[in-house]
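Reviewing the structure listed below.
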Amino acid sequence: MIRRRPAVSITVVAVALASSAMSARAAVVQPQSPAAPVQSWRDIADPAPLTPAEEARAAGAVLARRYNPAMAFAHKDIWPVPVRYAWADGASLMARVLDEQGRTVHEYEALPHHKLAADDWGDLPDTDGSGRSLQYFVDAPGDDRKEQGLSNWRHRWRAIMNGDPMANAPPEALDYAPTQHAHVSWFNRDKGLLALEYWFYYPYNEWINHHEGDWEHITVILRGPSRLTSDAGWRPVGYLFFFHEFLYEPQNVVRVGGSDPREDHVLVYVGGKSRFLRWQGIQSGASYPLPGIYPAVGGGITGLRADEDVREPARFVRPEEFAIVMLPEPDRLDVGLHPELTWLRLDFFAGQAVMFQNPLALNGMGFGSAPRQPARQAQWNHRWSPLVWTGQAQVSRHAPLLPDGWKTLHNAPGGEDSNVAARRPARKRTRANR
């Protein structure tokens with residue numbers, strides 16, 4: 001069962017970061033004091049998918065672009081990419097047949113690489129001829145073994161990009177540009193709360209635990225009408241950040257503007273450096289709202305957990321530099337129009353199952369395997385929420401300056417009514433399948 005926490009403030013205010021050239025010595029972060037405590041976003045959640053008519057309208061895609069996050073990465077060798085990166089090295093699509101207990105009966109090649117690369121997989125079934133469940137997976141480029149001080153993941157990343165991903169030039173010019181997968185759902189229709197779920201596919205996770213095919217996400221909560229008929233009348237009022245096993249409702253975030261005065265983009269500091277016993281991590285897909293050290297966030301064994309340090313981003317990517325891929329409800333996907341999204345309707349894993357250099361027994365505990373694609377996760381449409389992180393971040397007093405030309409927003413999003421306006425008893429949560 002999910003533990004409830006005391007009521008906390010969800011007032012979201014901007015962090016004052018100067019929008020001048022990046023520097024090792026930076027502007028002072030001065031979070032404003034939160035307003036009086038109000039109810040947690042979790043406690044008023046009443047999630048539901050859009051109706052087919054709402055999903056078919058262009059409004060959802062317009063809002064997803066208007067409010068998509070900017071991102072700051074702890075390492076230059078990673079950003080979220082389109083799922084097709086997973087088979088960029090010529091891998092075939094494999095299938096696992098499962099028995100009633102979920103054990104693998106046997107594996108086989110479901111599609112050779114040339115058909116996979118041509119998006120010729122719209123007719124793949126969910127079950128075999130005997131009614132047994134099928135899972136699909138692909139071995140993403142590289143692995144966690146090291147050569148000349150770098151993992152094979154990072155060697156392959158640099159080669160596949162068809163350019164220099166370590167350069168400071170805009171990365172959208174490379175073969176696998178920064179990409180965010182966006183899904184729109186209702187957080188609470190009665191209260192006019194719309195959820196913009198932004199899912200990020202990272203081909204590898206080189207943290208305390210190693211694994212491929214990392215899916216991470218944040219949610220931007222908008223307030224507006226109780227029907228999605230147009231992109232007018234919406235404003236961001238809250239944020240949900242997810243990292244490792246936890247959910248965090250930040251009181252303070254960094255926000256930047258765009259060319260359109262209606263744009264309002266939260267900045268995500270993506271996971272990075274960590275140490276656990278004698279093991280070290282350099283990169284994860286975890287999403288944090290401020291630069292700092294976040295204690296006891298994941299990778300733990302026997303009650304011990306590792307901290308994560310996102311104080312010194314190595315790369316900032318603007319909101320407009322991301323391609324946005326809209327994800328519909330899986331049962332509404334037209335694979336004829338969007339064959340590249342066929343994976344959305346399958347039990348699909350974009351990564352290999354076992355790592356070579358995970359510490360201790362993490363492979364056997366499931367920490368070395370790729371997670372399922374978003375629509376097969378319990379957090380899709382906020383059907384289930386993970387544990388609330390109750391730690392205290394060690395926020396940097398001297399945060400990295402934003403790059404030239406970035407416009408920092410200092411007003412509270414949504415104006416004075418950006419708090420959760422109404423209270424209701426907490427809904428009972430149940431444990432979801434991992």
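The structure presented is a predicted model; accordingly, all values stated were derived computationally and were not measured.
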Return the minimal non-hydrogen interatomic distance between R345 and G122, and the atom names on each side. NH1-O, 3.2 Å
Nearest-0.5 Å distance that lies between atom CZ in F243 and atom CZ in F241: 9.5 Å
Could you give the distance from CD (E54) to OG (S185), rounded to the nearest 0.5 Å? 11.0 Å
Worked check of ring pair (Phe, Tyr, Trp, His ring centres under 6.0 Å) between H244 and W389: CA-CA 10 Å; H244 304 300; W389 184 71; over 10 Å; no
Hey, what do you get for CG (D347) to CG (L134), rounding to the nearest 0.5 Å? 9.0 Å
pair V220-N68: side-chain heavy atoms closer than 4.5 Å: no
For E100, does the CD atom have more than 12 heavy-atom neighbours from other residues, nucleotides or ligands under 6.0 Å away? no
Strictly distance-based, threshold 3.5 Å: is any side-chain N or O of T127 a donor or acceptor partner for the main-chain N or O of S133? no
Any idea how W121 and F348 line up, ring-wise: parallel (<30°), tilted (30 to 60°), or perpendicular (>60°)? perpendicular
Walk me through it: do E197 and H181 pass the test side chain to side chain donor-acceptor pair (under 3.5 Å)? CA-CA 8 Å; E197 303 170 39; H181 295 79; over 6 Å; no
Can you tell if the side chain of K407 reaches within under 4.5 Å of the side chain of V256, non-hydrogen atoms only? no
Can you tell me if CZ on R376 sees more than 12 non-hydrogen neighbours from other groups inside 6.0 Å? yes
W157-Y85 aromatic ring centre distance below 6.0 Å: yes
Anything under 30° is parallel, anything over 60° is perpendicular, the rest tilted; go ahead and classify Y204 against W153. parallel
side-chain contact (heavy atoms from CB on, under 4.5 Å) assessment of Y239 paired with R255: CA-CA 11 Å; Y239 306 93; R255 296 160 41 238; 3.7 Å; yes
Looking at R189 and D46, does any basic side-chain N land under 4.0 Å from a carboxylate oxygen? no
For a side chain to side chain donor-acceptor pair (under 3.5 Å) with S151, tell me which candidate from K146, E206, Q283 qualifies. E206
From S130 OG over to D99 CG, what is the distance, rounded to the nearest 0.5 angstrom? 12.0 Å
Anything under 30° is parallel, anything over 60° is perpendicular, the rest tilted; go ahead and classify F316 against W406. perpendicular
Under the side-chain contact (heavy atoms from CB on, under 4.5 Å) criterion, do V184 and L63 qualify, and how do the steps go? CA-CA 9 Å; V184 185; L63 294 173; over 6 Å; no
Taking CZ in R227 as the centre, count heavy atoms belonging to other residues, nucleotides or ligands within less than 6.0 Å. Is the count above 12? no
If you round to the nearest 0.5 Å, how far is NE2 of H265 from CG of L267? 11.5 Å
Working for side-chain contact (heavy atoms from CB on, under 4.5 Å), residues I221 and L240: CA-CA 8 Å; I221 300 175; L240 304 178; 4.2 Å; yes
Is any side-chain heavy atom of V325 closer than 4.5 Å to a side-chain heavy atom of V83? no
Using side-chain heavy atoms (C-beta onward) and a distance below 4.5 Å, is E109 in contact with M94? yes
Going through the checks in order, is the side-chain contact (heavy atoms from CB on, under 4.5 Å) test met by M161 and Y176? CA-CA 6 Å; M161 283 295 161; Y176 292 88; 3.6 Å; yes
Can you tell me if E55 has over 12 outside heavy atoms packed within less than 6.0 Å of its CD? yes
The single option from F349, W215, W343 that satisfies ring-ring contact (aromatic ring centres under 6.0 Å, His included) with Y201 is W215
Counting C-beta onward and ignoring hydrogens, is there a side-chain heavy-atom pair between Q135 and R372 closer than 4.5 Å? yes
So salt bridge (Lys or Arg N to Asp or Glu O under 4.0 Å) across residues 66-77, not counting sequence neighbours, yields R66-D231, D77-R154, D77-R158
Apply salt bridge (charged side-chain N to carboxylate O under 4.0 Å, His left out) to residues D43 and K191 and explain how you reach the verdict. CA-CA 13 Å; D43 294 337; K191 298 184 185 304; over 6 Å; no
Would you call T104 and L98 a side-chain contact if the rule is heavy atoms closer than 4.5 Å? yes
Contact between Y136 and L111 at the side-chain level, heavy atoms closer than 4.5 Å - yes or no? no
Side chains of H183 and N381: any donor to acceptor distance under 3.5 Å? yes
Plane angle bin for W380 and W199 - parallel if under 30°, tilted between 30 and 60°, otherwise perpendicular: tilted
Basic-acidic side-chain contact under 4.0 Å: D139, R156: no
Spacing of Q373 atom CD and L346 atom CG [to the nearest 0.5 Å]: 7.5 Å
With side chains defined as the heavy atoms from C-beta onward, is the minimum distance between Y108 and D128 less than 4.5 Å? no
Using 30° and 60° as the class boundaries, would you call the ring planes of H382 and F187 parallel, tilted or perpendicular? perpendicular
